[in-house]
Amino acid sequence: MSKIIASAAIRGAHKIAGQARDILSKAIAEKGRDCPVEFPNTGYYMPIIYSMTARAVKTLADFEEVIKEIDDLLPPLVDDDVWIPYLGPALDAGMATLFAEEIIEACKYLVGPNPVNGIWLGAADDVILRERGIQFVDGTAPGFAAVVGAAPDVETAVEIARKMQERCLYVFMCAHNNGTSFAEQLVEGGVQLGWETRLVPFGRGITAAIYALGFASRAALSFGGVQPGDYHRNLLYNKNRIFAFVMALGEVSDEWYATAAGAINYGFPTIADSDIPQILPTGVCTYEHVVSNVPHKNIVEKAIEVRGLKIKISKVPIPVSYSPAFEGERIRKEDMHCEFGGQRTPAFEWIRMKDISEVDDGKIEIIGPNVDAVEEGGKLPLGIVIEVAGRKMQPDFEPVLERQVHTFLNEAQGIWHMGQRDSNWMRISKGAYKAGFRLEHFGKILHAMYHERYSSILDKVQVKLYTDEKDVVKLRKEAVKVYAERDARLAGMTDEDVDTFYSCTLCQSFAPNHVCIVSAERPGLCGAYSWLDCRAAYEITPTGPNQPIAKGNSVDSKIGQWEKVNEFVSKSSGGHIERMSQYSMIVDPMTSCGCFECISAILPSTGGIMIANREYPEMTPCGMKFSTLAGTVGGGQQTPGFIGHSKQFITSRKFIAAEGGIKRVVWMPSVLKQEIKNTFAQRADELGLGGEEFLTKIADETTATTEEEVLDFITKAGHPAATMEPMF
Ligand code: SF4
Ligand code: ZN
């Protein structure tokens, strides 16, 4: 490592450690040593400290121990002209810096200034980690850029951000330079910030860099199955899997050096626009460690090259940018040129399979007025009919393909889409309209993207866009009939009707022993893969993560085990899991990777189970918050008494059928009750439990927050679980 950088990093580390001591003394003086300290809604404590040292900081007193650790790590100060031959001391200084920065940020939550302030978001909670972190694993986001400081001007900032969005990177922002920051420059340039647009302003100080690195640490624990304290594997996981880099814009201070040295530990290199000493030989990082003096116009390309990213950009012939980074962009009423559907006008979207001779590939027809005919802020009816043909296409794929309309249209900049079928709602922004976006571009996007993603089943795609109310209403009737037929087809399918289940091993990239067995009545635990989806995915990519499994002979029909399924699970878990039950949460339950929408946990004294959904952040009656529960259940092992599952599975006839099904449910958060109410009531009716009335016998957070209170509530309510056989 360059001697100047090493000495500056060590100097910066000493300064930040000093700040950490100061704010900790202040916090202890104001709140006392036993004051609890935490980042909001996380099971990972101080994520960097926890992941590197396994130390679970819960109170301010625990920080005193961390300070000792920082002092041990800090190398002595050196002069600029002292040659430091190894990276070691600077890397230690970097790690000490990150620990100190976590102390500083966490104390700020207690004694201020609050990290959540104006545009600044502070720590990301575990819900965000799950939702966003998974994109680093499944490839929808190749990685993140930690942008430190500010660009020389607003235009340059906007251009750099756009380029990174187009490459699907997350942009994590912290620190300021010359009185402004990258995030503030983007706001000035009219760019929308937030997790939805992947432009995330963490904080105005350099210490906020820990929110980005803490995110990476948690990703390793949560998706990589890395154990707390196993810093070696954690850093390797990040180096190999999370493609991140630091982009330093502006004058690099000692504190920035110290933080950059911390990032180098993770294998994240620094790319700087200023003239700082370079560190080119490779070792810790994939390529170089520090590359400096990079001109702004190719700083994004350079960063990607240095970090060794491989990025595929789909070319869609439309006048606005196209990338998954725009998927979450919202368009407010004031910013829209016009809208469609959303109860304002009749609208629908419908894919139908046609004979190959009936489809003229690439043909886009507009039947009715285009958006030019609408005044700014106006609305139009819209019927989108997509006709597809292909030798491998089947009618069962129609709903799977149709669900993609949402993603495909949303990924265009300045286009917003919500809902599906005949409850869809779309907006075109003023900006997109000005750039030349017209209705035919909906067609162009759909044509290009269906070919791009589904070339193995589709040969031809044509799109018809109807905007005359009469046509839309008439065609919508036809579409609604088809939607109903499809629903009946899927709803009517049972596990007994099919002789083949499907595997999903997509999550093995981070939970190596996990496999989801997807049957007609049990979707994957993330909620994204139904049996039909898996079948379509298999047809589309025969060597992919969804493989057909012929069930073979039944081993036990009550708990749902089959010979061939067990064989498959054993083989694909590397021998770790020998048997897995489709219908039991007690005997050989299914493993969980971590993506589950809900967790069911047994409440032994009540004779029943509670179900918590991911969005519910409060304490649950089993004594754990969702985030802690997730840590217990996830990671690919079997945990009798606990299962992770999708929301939809709750209302399946096979939901813990071996233990009595929904009859066992004694507690759910009220929002979850509300969400699944209709189908749940139907199931309850079938079981003679009194339909919707059964829901009132199930406790929620308004009636019970501890196991005792649940027991009390259900006993009074006359819930059947109170008198059923114990589950174990
Ligand atoms: Fe992961 Fe299971 Fe969802 Fe597949 S179905 S993506 S393995 S959680
Ligand atoms: Zn998963």
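Small disclaimer: the values here were computed from a predicted structure and weren't measured.
- Taking 4.5 Å as the limit, every side-chain heavy atom of R427 sits out of range of all side-chain heavy atoms of D335.
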Worked check of ring pair (Phe, Tyr, Trp, His ring centres under 6.0 Å) between F215 and W195: CA-CA 13 Å; F215 193 85; W195 282 97; 5.6 Å; yes

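- Residues V200 and G194 come closest through the heavy atom pair CG2-O, 4.2 Å.
- Contact annotation: the side chain of L458 approaches that of L401 to within less than 4.5 Å [non-hydrogen atoms, C-beta and beyond].
- Within a 6.0 Å radius of CD in E334, more than 12 heavy atoms belonging to other residues, nucleotides or ligands are found.
- For R438 and E440, the salt-bridge test fails: no basic side-chain N is under 4.0 Å from an acidic carboxylate O.
- With respect to the salt-bridge test (charged N to carboxylate O, under 4.0 angstrom), the residues R218 and D126 qualify.
- Counting heavy atoms from C-beta outward, S627 and N41 have side chains that approach closer than 4.5 Å.
- Note: C338 SG to D372 CG = 9.5 Å, rounded to the nearest 0.5 Å.
- At a cut-off of 3.5 Å, with distance as the only test, no side-chain donor of N424 or H417 sits close to an acceptor on the other residue.
- More than 12 heavy-atom neighbours from other residues, nucleotides or ligands sit within 6.0 angstrom of OH on Y109.
- Under the 4.0 Å criterion applied to side-chain N and carboxylate O atoms, R614 and E131 are not assigned as salt-bridge partners.
- No donor-acceptor contact under 3.5 angstrom links the side chains of H406 and E349, judged on distance only.
- Taking 4.5 Å as the limit, every side-chain heavy atom of F408 sits out of range of all side-chain heavy atoms of V316.
- Residue H14 comes nearest to P75 through the heavy atom pair NE2-O, 2.8 Å, listed as atom of the first residue, atom of the second, then distance.
- In this structure, CG in N265 is found 4.5 Å from CG in L91, a value given to the nearest 0.5 Å.
- Ring geometry, F268 versus Y266: the interplanar angle falls under 30°, so the pair is classed parallel (tilted spans 30 to 60°).
- Under the 4.5 Å side-chain criterion, counting only non-hydrogen atoms from C-beta, N177 is in contact with E251.
- Of the inter-residue distances, the one linking I428 atom CD1 with W416 atom CH2 reads 13.0 Å to the nearest 0.5 angstrom.
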Salt bridge (charged side-chain N to carboxylate O under 4.0 Å, His left out) between E255 and R11, worked out: CA-CA 8 Å; E255 289 88 338; R11 213 163 42 229; over 6 Å; no

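- Across all non-hydrogen atoms, the minimal contact from A20 to A100 is CB-O, 3.6 Å.
- Crowding of E301 atom CD: a count of heavy atoms from other residues, nucleotides or ligands under 6.0 Å exceeding 12.
- In terms of modelled atom types and a separation under 3.5 Å, the side chain of N370 and the main chain of L439 share a donor-acceptor contact.
- Side-chain contact between Y450 and I351 is present, with heavy atoms from C-beta onward closer than 4.5 Å.
- Defined by atom type and a distance below 3.5 Å, a donor-acceptor pair is missing between the side-chain atoms of E38 and Y45.
- More than 12 heavy atoms of other shown residues, nucleotides or ligands fall within 6.0 angstrom of atom NZ in K15.
- With hydrogens and angles left out, the side-chain atoms of N410 and T407 include no donor and acceptor closer than 3.5 Å.
- Across L249 and A151, no two heavy atoms sit closer than the pair CD1-N, 4.0 Å.
- The shortest distance between side-chain heavy atoms of I299 and M247 falls below 4.5 Å.
- Residues V461 and L446 fail the side-chain proximity criterion, which asks for heavy atoms closer than 4.5 Å.
- In this structure, the separation between CD on Q343 and OG on S423 is 8.0 Å, given to the nearest 0.5 Å.
- The ring of F39 has its center no closer than 6.0 angstrom to the ring center of Y44.
- For the residue pair E166/S321, the side-chain donor-acceptor check at 3.5 Å is satisfied.
- When all heavy atoms are compared, the tightest approach of L121 to V116 is O-CG2, 3.6 Å.
- One N or O on the side chain of D125 and one on the backbone of I128 form a donor-acceptor pair closer than 3.5 Å.
- With rounding to the nearest 0.5 angstrom, the CH2 atom of W425 is 11.0 Å from the OG1 atom of T345.
- A side-chain donor from one of R130 and S222 sits under 3.5 Å from a side-chain acceptor of the other.
- Applying the salt bridge (charged side-chain N to carboxylate O under 4.0 Å, His left out) rule to R198 yields no partners; only residues at least two apart in sequence or on another chain are considered.
- Between the side chains of E101 and T259, at least one donor N or O sits under 3.5 Å from an acceptor N or O.
- Closest heavy-atom contact between A90 and A261: O-CB, 3.5 Å.
- In this structure, F245 has its ring center at least 6.0 angstrom away from the ring center of F144.
- For the ring-ring contact (aromatic ring centres under 6.0 Å, His included) with F202, the lone residue among Y170, F172, W120 that qualifies is F172.
- In summary, the side chains of E105 and T207 do present a donor paired with an acceptor at a separation below 3.5 Å, with no hydrogens or angles considered.
- With hydrogens and angles left out, the side-chain atoms of S292 and D275 include no donor and acceptor closer than 3.5 Å.
- Between the side chains of H451 and D361, at least one donor N or O lies within less than 3.5 Å of an accepting N or O.
- At distances below 3.5 Å, not a single donor-acceptor pair connects side-chain atoms of H337 with backbone N or O atoms of Y433.
- The environment of CG in N293 is crowded: more than 12 heavy-atom neighbours from other residues, nucleotides or ligands sit within 6.0 Å.
- Here the side chain of N238 pairs a donor or acceptor atom with the backbone of N234 at under 3.5 angstrom.
- More than 12 heavy atoms of other residues, nucleotides or ligands shown are found within 6.0 angstrom of NZ on K108.
- Note on E159 versus K163: salt bridge recorded, some NZ/NE/NH1/NH2 to OD/OE distance being below 4.0 Å.
- Sparse packing is recorded around CD of E188, with 12 or fewer heavy atoms of other residues, nucleotides or ligands lying under 6.0 Å away.
- Summarising the geometry, atom CG belonging to L186 is positioned 9.0 Å from atom OG1 belonging to T197; distances are rounded to the nearest 0.5 Å.
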